[in-house]
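What you see is a predicted model, and the numbers here were worked out from it, not measured in a lab. Residue numbers begin at 1 in each chain, while the letters A, B, ... track the order of the sequences.
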Amino acid sequence: MGSLKTLELNENRYFSSDPVQRETASLLYQRVKDLPLVCPHGHVDPRLFAENSPFPDPTELLVIPDHYLFRMLYSQGIPLESLGVPRIDGGQTENDHRKIWQIIGENFYLFRGTPTGNWLKHELYDVFGIRKRLSGETAMEIYDEISKELKKPENLPRAMFERFNIEVLSTTDSPIDTLDHHKKIKESGWKGHVIPAFRPDNVTDFMFRNWQNNIDALSHISGIDCGNYYGFIQALEERRRFFKAMGATSTDQGVLTPFTIELDEKEAVRLYEKAIKGKATPDDARLFTGHMIMEMARMSIEDGLTMQIHPGVHRNHNNEFFNIFGLDKGCDIPTATNYVDYLKPLLNKFGNDPRLNLIVFTIDETTYSRELAPLAGHYPAMKLGPAWWFHDSREGMLRYREYTTETAGFYNTVGFNDDTRAFPSIPARHDVARRVDCRFLAGLVAEHVLDMDEAEEVVVDLAYNLVKKNYKF
Amino acid sequence: MGSLKTLELNENRYFSSDPVQRETASLLYQRVKDLPLVCPHGHVDPRLFAENSPFPDPTELLVIPDHYLFRMLYSQGIPLESLGVPRIDGGQTENDHRKIWQIIGENFYLFRGTPTGNWLKHELYDVFGIRKRLSGETAMEIYDEISKELKKPENLPRAMFERFNIEVLSTTDSPIDTLDHHKKIKESGWKGHVIPAFRPDNVTDFMFRNWQNNIDALSHISGIDCGNYYGFIQALEERRRFFKAMGATSTDQGVLTPFTIELDEKEAVRLYEKAIKGKATPDDARLFTGHMIMEMARMSIEDGLTMQIHPGVHRNHNNEFFNIFGLDKGCDIPTATNYVDYLKPLLNKFGNDPRLNLIVFTIDETTYSRELAPLAGHYPAMKLGPAWWFHDSREGMLRYREYTTETAGFYNTVGFNDDTRAFPSIPARHDVARRVDCRFLAGLVAEHVLDMDEAEEVVVDLAYNLVKKNYKF
Amino acid sequence: MGSLKTLELNENRYFSSDPVQRETASLLYQRVKDLPLVCPHGHVDPRLFAENSPFPDPTELLVIPDHYLFRMLYSQGIPLESLGVPRIDGGQTENDHRKIWQIIGENFYLFRGTPTGNWLKHELYDVFGIRKRLSGETAMEIYDEISKELKKPENLPRAMFERFNIEVLSTTDSPIDTLDHHKKIKESGWKGHVIPAFRPDNVTDFMFRNWQNNIDALSHISGIDCGNYYGFIQALEERRRFFKAMGATSTDQGVLTPFTIELDEKEAVRLYEKAIKGKATPDDARLFTGHMIMEMARMSIEDGLTMQIHPGVHRNHNNEFFNIFGLDKGCDIPTATNYVDYLKPLLNKFGNDPRLNLIVFTIDETTYSRELAPLAGHYPAMKLGPAWWFHDSREGMLRYREYTTETAGFYNTVGFNDDTRAFPSIPARHDVARRVDCRFLAGLVAEHVLDMDEAEEVVVDLAYNLVKKNYKF
């Protein structure tokens, strides 16, 4: 597999190989490649920037936080323990980060044709100046090179943030988070703009692990007794105010389905009471979660926070694996969703209100042209989030544009977000998104659907203006 | 946004930019571009041709009847009132058609990459000779130019019909329609072929608004008492005879799902009786509608009318909006459909009968390759309607061919239909369809799937022969 | 339709017409075009090779066993009786094979753009040396040419097998099959490698026609009393041992849905008992089939046979047609499937066990990116079978790679299988698969997603190495 080949990043990568389209794409790309990165939705740990300590080593930085990487390796029979992924039971896992990196090198061929592989190539080349292809033979040499790089001041987290030309980076945070890291960043005088987003799943879903404890924590942190429904709602409003004061411009909800329902207050009170007594059923949780999406929309209309929903993920599909390794380790699987019926109560109540800015994501591509583009192409309050998760990829983003543009247009979409935990992959991800949009627009120009000056305007809107507008930066 | 750029329609638009494919597509296009337009399914108002009055102004002609246009504008927060869309309550809406046109111009950039935008460009260029791009700056100038054009005799409805080279235009009509406009056209001596199609949804669906009144009207117009099931069936048969005498060659049914069921006569009688008493439930309506699809198939076998079904639309998704603006104003949303199970009773009873010619449309693209192409590729009675509604578009029609051809072939499809209320958009829509078919076939030729002489035959079949055959013109 | 045109097979067929991509695809194709054919899953009758008699005539060889062919003809109103398809009632069908071939010729234009058409062109050209296009005019001449060819020793079944460069050919066989043809082949000393695969649907599904008789036959052939659940399980294990001894390396299950469930033993015993008494309901059958998928996985872990599941086919959709012509005559229709929920019990019990090698097929393309690629990209035991049935085609295989590669990578797929009853179509089918993979990889190289040396490795893996590894040849 691994030969000692040179690592190259072709300047025309991801553009069509048709010469007319390629040249057009390249011209469009010149307009956006150096625009600042706006990152409205992601999972980078704010502690990085609060502490600004050097990244310890390549494995810690590039492998451990990236479930895309070990998902693929696991599927090919490589135990996660050998990749240093911590076990919940504290059981033995590999500690030698050089050994882990060696496994990555030996198996890097598995990532051929995948976004994960291409992001990592971009990071190695562009962030760390590596010029050799990663393989079993080169793994140790590359490890050493990166280790050396990580000691340099320009590779401290804040310096990287600046190097990456990030204009704003939003994290995703629980209502019971103190946002201490965000505070520390603010107080440090560093000019990097790192803001929180309000994600209340752990208190709005009765079935969330440790729900009762989370509610206690919410009472504690808000100073409002959440032992009853009214206190709970008030506490959420209070925490939104706090998040907003800390710079938040958006909320986020991850749900199995986009089911929404307007419960009457009495029913909401009753369900909440039942949950507080530890007697809520999965059905109760489903109803209450559907109701809380409605409530979050109401609050967004009041406080102006942009509202995000991303449904359709069957979390932790692999029970045994989940019990050993826990959350977010690659065993979430997408599942079919119905937006037309499930979002109807929400859209009927709030969808015509231009004060609401609701961004819906999907991981079920079959809904792009059938449901989401038509809904976003009608309701003033709804916008379509970018190609998400497994579809944050060359083919995925191209299909997204092909399936949504004709019905929703460009201006009912909201630009790119990277949704990543893997900080150094941010420039790579934005670059793919910009390149794919250039490619798509170049196709429209080459086939005389758009004129070049129109495409030049649209490409900047997609890369920069729409995300700023929709997330109110 | 709006600059004073020249409006151009490139002669190679929508063909692949690959030079080999483009040249082939262009050669194929020469064979079909001047063929007459056959329009077997649409919603143009026959009054236009009965009265042949001049079109009043650009807004009245190009904006008011086009829910594609104001759907997009509404989604971006522009109130329909400002676009002159009438409110059911008679409330204030914009009367100044120049102002409305100005809004269209200012927001025309929203339609970049959409079929709506490209149809309008084609109409402006080709029907009205406009050579400037529509924008806020040019809107008034273009308005004046079109207004002048509309006064010319060649832009009277009948003259336009002839200019457009329309061979036949079918409208869509209710069983209780007198077809007076069609009569008037016939009696006028004008040679334009404008025919009705029989669409009985307003009497076959108990839940249709004013169902009782419609039934009374059906009794009245047919001279047959529809107070009982047998009279109702007889009246439908009678009206089909009348429609056929007036030139109709097809029927049409729009249903939420393609659910079909064979009720025994007693059950049908019972449900109908219940409905007449005003006691039918939504479930009763669903059963009866499923039964009436079967009945319509039976009648088609008897009288030879081609039968169309187009399911899968959740009508009037936005209740508030629907209450203000009413039907067909852009708040219909597609929904997932199941053809395999739902059409089974129908296809098992009539699908092997070559006398039936059943054309099924879909707006759920996921069923193309999974359900509809396999069904059309097996049952002799069933054919696959063209890419429909949101998919009557460049990408939509290309996907349609990609997803259906390998399983159903070309000859189980039925050519294009424009399904439009917007009369002057007809040539633009047919042109896109012809171009996309040329593009698809050019791809097959360039990749040596078909020989050029085969493609030359197929392209004419798709543009002209198949629609005439399947709609029995 | 039919002109006397030359039949040509362009050497670059199915490659992109973009010159850069075409050249790259052609270079990649040189690496795989002459690799042996590995056929791990199909339905060729082993009697062909046991008896090695000359094929009687072109119609018998190329038409009668190919439901793809008469499916399309039937959909266009051509009665199957006129194509010589036998009726169950023994009723009259066409006996004159020349007449049948003439019909094929006259209607061959219906197959334009379809895989069936292109396979047949390949067979005529490459297997029989025909150089004229098949049409009504040339049909008889071509019939005579092929008839002459069929008399030559190089067109005897075994000689063809060798000419085709088949390394191994697996048939699909029932547990109650004696495998006498396989035995005879083995004993004949012929070196062609023809092996069975174990497909137990006719005994694991209570609703299978003649289930009781099949169980009796299973008792008889295994020598184990299958009157109770324990005997039944033991008999299956015994038959698997026998199949394995006869060369089998895999099992196969065709099911309506991939529903799996772990029944406790008592419940399994009870359901089986009920079935033996002839009292099983469809629900019982569904539960028991779901349970038997689990049991088959357990057995595969024990005996090492690769396990295949291919769900999602509504068999015999057309009742009347089925009653006249029986199984596998082209009235099977795909249906939507849910892998995420239905496979969960199976994958939770066995999905982390690297001893299991589970290959899942689909005919519902909407699940590629949403369900199957994510599942195969996580569970070590699961692999994704190739584009199947209607999607064993140019467009189908291209979409398969586009939708699965980014999430599952190349190495969670298992190479091609032809799944055919039509022996002489085998080289054509493998050739299409190899060409489409070359085309896909050439696209990745041209767009700088992969380097050429990587693509050169991958293309050989897809054409040869992966299938050998996953089917343990």
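In this structure, A:Arg399 is positioned above the aromatic face of C:Tyr403, its NZ or CZ under 6.0 Å from the six-membered ring centre and within 45° of the axis.
Counting heavy-atom pairs closer than 4.5 Å to chain C, the top residue among A:His317, A:Lys121, A:Glu395 is A:His317. Listed options A:Leu73, A:Leu9, A:Asn118, A:Asn10 were ranked by heavy-atom pairs under 4.5 angstrom with chain C; first place goes to A:Asn10. With chain C as partner, the option from A:Gly396, A:Ser393, A:Gly77 having the largest number of non-hydrogen pairs under 4.5 angstrom is A:Ser393.
The closest side-chain heavy-atom distance from C:Asp341 to A:His314 is below 4.5 Å. With contacts defined as side-chain heavy-atom distances shorter than 4.5 Å, the pair A:Arg112/C:Tyr411 qualifies. You'll find the side chain of C:Lys344 stays beyond 4.5 Å of the side chain of A:Ile333, heavy atoms only. With a 4.5 Å cut-off on side-chain heavy atoms, A:Ser17 and C:His448 do not count as touching.
No donor-acceptor contact under 3.5 angstrom links the side chains of A:Thr114 and C:Glu406, judged on distance only. For the residue pair C:Asn348/A:Glu320, the side-chain donor-acceptor check at 3.5 Å is not satisfied.
Proximity to chain A among residues 375-383 of chain C is limited to C:Leu375, C:Ala376, C:Gly377, C:His378, C:Tyr379, C:Pro380, C:Lys383, judged by heavy-atom separations below 4.5 angstrom. Residues of residues 352-373 of chain C placed with any heavy atom under 4.5 Å of a heavy atom in chain A are listed by number as C:Asn352, C:Thr366, C:Ser369, C:Arg370, C:Glu371.
In plain terms, the two heavy atoms of C:Asn412 and A:Ser75 that are nearest each other are ND2-OG, 2.9 Å.
Annotation: A:Arg421, atom CZ; neighbour count of heavy atoms from other residues, nucleotides and ligands within 6.0 Å is above 12. With a 6.0 Å radius and a threshold of 12 heavy atoms from other residues, nucleotides or ligands, A:Glu23 has its CD atom at or below the threshold.
The residues A:Lys5 and C:Asp453 are annotated as salt-bridged, a charged nitrogen and a carboxylate oxygen being separated by less than 4.0 angstrom.
For A:Asn318, the parts lying under 4.5 angstrom from a heavy atom of chain C are both the backbone and the side chain. Residue contact with chain C, scored on non-hydrogen atoms closer than 4.5 Å, involves the backbone and the side chain of A:Tyr14 alike. Proximity to chain C involves both the backbone and the side chain of A:Arg394, based on heavy atoms less than 4.5 angstrom apart.
Atom CZ of A:Phe390 sits about 13.0 Å away from atom OG1 of C:Thr404, to the nearest 0.5 Å.
For A:Arg71 (side chain) and C:Thr407 (main-chain N/O), no donor-acceptor pair under 3.5 Å exists by modelled atom type.
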